[in-house]
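Comments concern the structure below.
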Amino acid sequence: MSKAIRVGRGFQKKVAGDHRIVRYRCALNNVISDMLKQKPGWVEAKDGEDWDFYWCDVGWLRENFDHIYMEEHVRICHFRNHFELTRKNLMVKNLKRLKKQLERESKSESLKCDFFPMTYELPSEYHIFVEEFKKNPGIVWIMKPIAKSQGKGIFLFRRLKDITEWKKEGYKVNGDDKKEETKDVETYIVQRYLGNPYLIGGKKFDLRIYVLVTSYIPLKAWLYRDGFARFSNTRFSLDSIDDSYVHLTNVAIQKTAPDYDPEKGCKWSLQQLRHYLTAKHGCEVVEKIFQQMNEIFIKSLQSVQKTIINDKHCFELYGYDILLDSNLKLWLLEVNASPSLTASNQEDYDLKYGLLEDALYIVDMEGRLTGKEKRVGNFDLMWNDGPIYAEDAYYVNTGFTMNVRTCTQILGKFSCAPFRRKFFTHSHEMYLLKLTGTQYLQNCNFGSIEARDFEHLSNLTLDSLSEYFENISESECVPEDFDVNLEGGVLTISVSKRTGTYVINKQAPNKQIWLSSPISGPKRYDFVNNKWVYARDGKSLHELLEEEFSKHLNMTIDLSDLPYHWNFSR
Amino acid sequence: MDPKINEIAASISEIVKKLNGSTLYSQLKRAAQKEVEKPTASLATLKTDVVEALKTSGWDRLLRNKIFAYLSSCQASLDQSLPFECQKEPLMYMRKAQANWERRILKSMNSMCTELSIPLARKRPPEEQRALLHKWNEMGTEEPDLSHFRPVYAPKDFLEVIISLRNPNYCGLLGPEVDEKPSGGHWGLIQVPLEIPKLKDLQNQFSEFAHGHGHAGVDDNLDVPSEAFQNERNKIAKKVLDEKRSVLAQYFCRNGCPSGHRAEIWQLALGVTVNHLDVLKYEQLKGYVLQHDLLVDSLIYKDVKLTAVNDDYYFVFEDYLYQVLLVFSRDTSVLNHFAQSSAMPPKSFIRAQKEPSGTSAEQESSLTEAIPVFDVDKLTSPNQSNFNYTLIKSKPTFPPHLGICDDEGKLGQDEYAVVYPPNGVIPFHGFSMYATPLCYLYAEPVGLYYIFRQFYTRYFHRLHAISSHPQGIVSLCLLFETTLQSLHPRLCRHLQEIGCQPLKIAFKWLVRAFAGYLATEQLLLLWDRVIGYGNLLLLPILAVAIFLFRQSNLFLITSASGVEASLADITTLHVVPLIQLVLFPT
């Protein structure tokens with residue numbers, strides 16, 4: 001293993017208009033491998049073959065990272081010392097350090113770091129822990145093995161006796177069997193258990209939010225909109241601390257509960273949670289909660305910014321576990337480097353599939369992005385060597401309205417009385433777009449209509465177009481090989497061999513309709529103002545089709561009866 | 001003499017009578033006594049002093065709120081000289097239809113009992129009671145086998161009945177026989193002539209929806225500079241809550257509550273307070289749930305599993321729903337609402353072996369206190385060969401005295417007749433949705449329970465009883481059809497041509513007051529207005545608005561199932577602007 005293995009040789013140069021082939025490997029056999037298989041232009045590299053992209057596990061990384069030399073474009077899904085943030089003990093160490101550092105600078109800033117519960121590492125900090133334990137009699141503590149995830153090996157206790165027994169046992173097992181490993185006794189952290197969680201319907205829950213880091217120096221982090229709240233299956237009470245089902249909300253543990261029903265799911269999307277909290281506490285309170293959440297992401301990433309070995313080949317998808325307590329304060333429970341990508345049901349599968357798809361879009365093996373995007377798919381750029389403000393990226397209608405205030409300021413310039421009574425057909429973002437013009441669209445990749453709306457709108461659009469073109473294909477001026485086909489959300493219209501084929505398809509993740517025209521090339525249409533508009537030139541889909549097809553077929557094509565035509569009147 | 005004065009006098013005496021027995025009465029009395037005992041009291045100014053003192057100490061407000069609550073729950077008492085059944089429902093054909101409908105429900109319940117050989121009620125053995133008590137907070141984890149149970153009826157069945165209603169005295173212009181054809185009579189499905197408000201009346205009644213009024217649900221949207229509006233509303237909300245006056249709170253609801261204050265404002269507006277007595281009462285009712293297992297419990301379980309548990313948003317509240325709905329079924333104070341409703345609570349018979357328990361219940365002075373409704377362990381036990389699980393239709397008597405029944409009760413001795421279930425309400429498919437949205441506002445079951453009970457006894461009971469009441473489901477359906485026809489005849493015609501009756505789609509929305517169909521925050525905005533105006537007329541208005549709003553799609557559709565599909569998901573709609581669209585189009 002002394003020789004460094006070169007990885008990623010012979011990567012195709014990008015040919016205009018064509019995708020290059022990405023050779024990938026994947027160590028996991030779940031949603032991620034499904035997703036990679038279906039990515040156009042990506043092929044799986046067999047064992048021993050060269051590769052450009054590897055969704056590896058951490059074990060592989062540990063053994064091989066130092067022995068390979070990666071070409072410029074190669075990407076893998078972990079940083080070399082990813083554990084600085086994801087091992088529970090190291091995370092706490094790093095956060096404590098950052099807090100101390102900030103304390104020197106300003107008190108108020110360091111208070112923002114108060115989002116992790118009292119934590120000690122065992123056995124190394126056992127004595128400090130015992131001291132602390134005696135100071136706070138009666139409170140409940142939770143023990144977690146540092147390197148295990150998905151709720152393995154976790155237990156709660158209230159008396160010191162419970163833990164001394166555990167300690168003895170731990171030593172005995174190691175002591176009897178393999179004496180030489182005594183010093184390797186498994187490290188645990190012991191944490192103050194949060195005894196006053198916020199309950200909904202009497203049930204406890206925690207939040208899982210995904211954050212993608214593509215670079216640590218400078219820090220560049222993306223936040224995924226579709227986080228979720230996981231509910232514990234049973235009602236919460238501290239009386240029965242042996243019942244680990246109640247206390248741990250990890251899906252992995254919940255699954256073994258006797259009445260677990262995967263179809264039922266135990267999740268709320270962040271949006272649903274937001275609605276609930278807003279109904280109960282009002283907007284301002286919710287705003288504060290979500291600000292706290294952003295603080296947690298940024299502070300925790302900053303705490304390891306200097307420790308993590310930055311490498312342009314690496315990116316990392318973190319799963320943050322966060323708990324809300326009854327005082328509406330958020331607590332960071334842990335950060336996972338390889339968040340469970342096994343789906344528990346269809347909905348979960350879709351969510352994770354979308355997450356990975358969007359993440360890989362940002363990792364950008366194909367070189368499609370300009371590097372200036374503020375939103376890609378459902379990811380919002382939240383930090384790029386500094387905070388991202390609402391002037392740059394508009395956050396409404398997601399779990400994260402970081403800067404609604406700024407938005408309202410922008411809007412202040414535009415909105416006036418006649419707008420106030422408008423009936424909102426689609427989400428508010430549309431409305432904003434109308435007001436601020438298409439400049440916005442160039443910055444951010446909008447997907448603002450609700451998913452269900454999108455389905456409805458896009459289906460109706462494609463159906464009506466296909467019907468229209470079917471109908472005219474019978475007319476005389478249409479060439480014989482004219483063909484219309486709508487299948488699985490893809491509408492292909494081949495005009496003639498000479499002219500070529502139009503492909504119109506819906507892109508659910510981006511909530512766009514994509515068009516590829518043999519004449520004018522590819523375009524992406526957002527639903528704005530009750531029509532499909534291409535942001536760069538402000539033209540609508542129907543307008544373009546009318547124009548181009550009128551030329552092809554030498555007849556007037558009038559689509560104005562179709563829904564979502566540019567002057568389709570309601 | 002002016003008949004108005006008579007009416008007012010009657011309702012005053014009614015309210016005074018009601019107050020006499022209430023807790024508030026004794027509280028007031030005690031407070032007054034304390035005032036009198038004060039050393040500063042002087043005989044000359046005693047009366048004014050006491051009144052003044054009661055005012056300053058806040059009792060005055062409580063009394064006003066109580067009276068306001070009475071006034072809004074028992075509207076317009078009809079002429080007392082009329083027979084009781086006519087007071088409940090003046091039209092005979094409506095009375096008959098409702099009675100037939102009830103008979104059908106009971107028959108269906110009875111046959112379910114026979115089929116499954118389960119009793120209407122049975123006493124739980126002590127171990128089972130303990131187990132249930134232990135599980136009380138997480139009843140959702142229990143998965144009883146409910147596959148044999150089916151909802152007693154669904155809104156669809158109920159619609160059939162309403163459609164078939166006819167007024168025997170009414171005759172179309174072309175003669176009675178033409179009436180059956182769709183071309184004669186009304187265009188819609190509802191064929192009974194009832195007076196419904198015209199658009200102009202509605203505009204007057206709901207004038208706050210006109211332009212120029214700020215509304216939560218429009219003006220608090222994020223994309224308009226809304227902080228000023230929201231701050232203003234929050235400020236007023238706080239003021240209203242400080243004032244503690246129900247009238248103000250109710251009026252405030254008309255423009256929508258700011259979300260942080262909605263829970264309290266609703267409580268105030270509906271006159272719901274939760275003090276230690278109410279908590280005790282709840283605990284008592286919970287005790288009854290533990291003691292007896294009723295057939296309706298299984299129906300409630302089944303309904304919650306079918307509706308709320310299946311819902312992505314609401315599954316979280318499963319446990320709360322049991323804690324509310326099971327307790328609700330035991331609450332005999334719910335029976336009071338039957339005085340305003342055309343419906344009658346069904347009765348069952350206790351099978352007695354020794355001294356009938358009915359007598360002891362009968363001796364209870366107040367109905368609300370007469371709890372051990374049935375000592376049902378004597379009633380049925382599954383190993384008895386001929387256990388008695390038959391429900392019968394009770395004749396209109398009110399209050400439905402326990403143990404007193406007419407000759408119809410040939411199945412058992414009259415004195416053993418009891419109302420079944422104790423609250424007289426038989427849940428149907430979707431019933432639990434009346435309670436579910438409230439889970440968004442109240443974080444503990446007791447508060448939730450009382451608000452739900454108030455909602456039900458004030459408004460929702462009208463949504464599943466046949467009556468000529470202007471808030472009754474029949475009138476609401478007719479209002480929906482007529483308004484839609486008059487506002488957009490072309491759309492109606494189009495729908496009719498493709499074989500789609502709009503009411504068939506809108507009916508399920510109306511029966512559930514839109515619960516489970518709209519997004520929750522929108523639903524709460526709608527219910528704000530239900531409280532604010534104290535009526536349900538906005539439900540059909542909103543239904544009309546939805547059809548108008550989606551008209552461009554509807555015109556493209558050429559099949560009835562297509563219409564249904566395009567209106568299957570209305571969760572993205574915004575309620576308030578839609579209502580404005582109908583009432584005050586621009």
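Just so it is clear: chains get the letters A, B, ... in the order the sequence lines come, proteins before strands, and each one is counted from 1.
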query: Aromatic rings A/W268 and B/Y440: how do their planes relate, parallel, tilted or perpendicular, breaks at 30° and 60°?
result: tilted
- prompt: Could you give the distance from CZ (B/R262) to OG1 (A/T278), rounded to the nearest 0.5 Å?
  reply: 10.5 Å
task: Measure the shortest side-chain to side-chain distance between A/Y276 and B/Y313 over non-hydrogen atoms and say whether it is less than 4.5 angstrom.
output: no
query: Looking only at heavy atoms, which two atoms of A/E284 and B/N234 are closest? And how far apart?
result: OE2-ND2, 3.4 Å
field: Nearest atoms (heavy-atom pairs only) where B/C439 meets A/K280
entry: O-NZ, 3.7 Å
query: Which bit of B/N553 is near chain A, if near means a heavy-atom gap under 4.5 Å: side chain, backbone, both or neither?
result: side chain
task: Check each atom of A/H275 against the heavy atoms of chain B and say whether the ones under 4.5 Å are side chain, backbone, both or neither.
output: both
message: Surrounding CD of A/E467 (heavy atoms of other residues, nucleotides or ligands, distance under 6.0 Å), is the total greater than 12?
response: no
task: State the NZ-CD distance between A/K203 and B/E318, to the nearest 0.5 angstrom.
output: 5.5 Å
query: Which answer fits B/L441, side chain, backbone, both or neither, if we ask what part of it has an atom under 4.5 Å from a heavy atom of chain A?
result: both
Under 4.5 Å from any heavy atom of chain B - which part of A/L460: side chain
message: Ignoring hydrogens, what is the shortest heavy-atom contact between B/S259 and A/C283? Give both atom names and the distance.
response: OG-N, 4.2 Å
field: B/F555 versus chain A, the contacting section by heavy-atom distance below 4.5 Å
entry: neither
- prompt: For B/A263, is it the side chain, the backbone, both or neither that has a heavy atom under 4.5 Å from a heavy atom of chain A?
  reply: neither
